[in-house]
Number of protein chains: 2
Amino acid sequence: MGVTKTEIFTSEQNRLATMLKAMAHPARIAILEQIIKSNACICGDLAEELGLAQPTISQHLKELKSAGLIQGTIDGVKVCYCIEPKAWELLHKDLNAFFKAHQGPADCC
Amino acid sequence: MGVTKTEIFTSEQNRLATMLKAMAHPARIAILEQIIKSNACICGDLAEELGLAQPTISQHLKELKSAGLIQGTIDGVKVCYCIEPKAWELLHKDLNAFFKAHQGPADCC
DNA sequence: CCCATATATTGCAATATTACGATAGATATA
DNA sequence: TATATCTATCGTAATATTGCAATATATGGG
């Protein structure tokens, strides 16, 4: 149905899935990479850098923002986006824990 | 259009996005957690453990498998799923590098 | 105030995802 | 062989996502 049964999962599972979904698009990966690379947070040069239309970029930025991964500050006419350090660190930590839960190649099948 | 312009991104960006998308669903997070927890790779007890129908679980397993994150071995009538250690380690490493690229709260905006 | 520039929002069209019932296939056991 | 069990696939309904043109909004300069 295209509708996820969120109610049967823990809030942790839902939260992690939501964060991952926010990142799970090449354009959003590219946007995050750009924001990180140009240490200062670039604005709407993104539309030029990547080959997507301005509304499309705006929409991707909105998704990253609503996930809490980035923040935007209005700077005159432009908007300045950068990583939201707390959410970034938290997600990094959570993912680390998730991946570490499976140790080594001591497998069964 | 619901269709991602994969051709304008690097294969690395596409690969990472694909892996993240494979994990970006609470049911698939839950499945991975179960597979990891019950160290031996459980099979279709998953449908019972989580509250989803068997075809739904089967579909999620297929997605995780086609992303290469898990592998399934036929064991009589049942199928035994477990983490694919190589892909798991690689993704862990890639994500670590990705998150580490942004250092500290020395931000701009 | 008018205009140019930067960004957000709206409204689509095309496709993808999620979930499940029904059913098929495959294997063990009686 | 017949039957029960486990898993995969098919088909379908109900959303969700992606992308963009058109348009709205907001800010600074003249």
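Convention: sequence-line order gives letters A, B, ...; per-chain numbering from 1. All heavy atoms count here, side chains included; hydrogens, waters and symmetry mates do not.
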* **Under-4.0 Å side-chain N/O to phosphate OP1/OP2 contact, B/Ser58 with D/dT7** => no
* Give one of base, sugar-phosphate or nothing for A/Lys21, where a contact means two heavy atoms less than 4.0 Å apart. => sugar-phosphate
* Asked: Are any non-hydrogen side-chain atoms of A/Leu16 and A/Leu95 less than 4.5 angstrom apart?
  -> yes
* **Distance, rounded to the nearest Å, where A/Leu46 contributes CG and C/dA6 contributes P** => 13 Å
* **Side chain B/Gln54 and base D/dA8 donor-acceptor under 3.5 Å** => yes
* **Atom pair distance, as rounded to whole Å: CG in B/Leu64 and P in D/dA8** => 12 Å
* Within this structure, what is the NZ-to-P distance between B/Lys5 and C/dA16, rounded to whole angstrom? -> 15 Å
* Residue B/Ile74 excluded, over 12 heavy atoms near CD1 under 6.0 Å -> no
* **Atom pair distance, as rounded to whole Å: CD1 in B/Ile74 and C1' in C/dG25** => 11 Å
* Asked: Roughly how many Å is it from CG in B/Leu50 to C1' in C/dA19, rounded to a whole number?
  -> 14 Å
* Asked: Counting heavy atoms not belonging to B/Glu7, are there more than 12 under 6.0 Å from its CD?
  -> yes
* To do: May I ask you to say what B/Leu52 touches in the nucleic acid, namely base, sugar-phosphate or nothing, with a heavy-atom cut-off under 4.0 Å?
  => sugar-phosphate
* Structure fact -> Separation of C/dT9 atom C1' from A/Ile57 atom CD1, nearest Å, is 16 Å
* To do: When you get a sec, tell me which of D/dG28, C/dG21, D/dG19 is the closest nucleotide to the side chain of B/Thr4?
  => D/dG19
* Asked: For the side chain of A/Gln59 and the base of C/dA8, is some donor closer than 3.5 Å to an acceptor across the two?
  -> no
* Asked: Of the nucleotides D/dC20, C/dA8, D/dC6, which one has an atom closest to the side chain of A/Val79?
  -> C/dA8
* To do: Quickly work out the A/Lys62 NZ to C/dT7 C1' distance and round it to whole Å.
  => 12 Å
* To do: Whole angstrom is fine here: how far is it from NE2 in A/His25 over to P in D/dT17?
  => 11 Å
* pair B/Leu32-B/Ile70: side-chain heavy atoms closer than 4.5 Å -> yes
* Mind checking whether B/His92 and A/Phe98 have side chains closer than 4.5 Å, heavy atoms only? -> no
* Taking for each residue the nucleotide of DNA chain D bearing the nearest heavy atom, is the 5' side occupied by A/Gly51 or by A/Asp75? -> A/Gly51
* Toward the 5' end of DNA chain D, by each residue's nearest nucleotide, B/Lys78 or A/Ala27 -> B/Lys78
* Asked: With respect to the side chain of B/Pro55, which nucleotide from D/dT15, C/dA22, C/dA28 is positioned closest?
  -> C/dA22
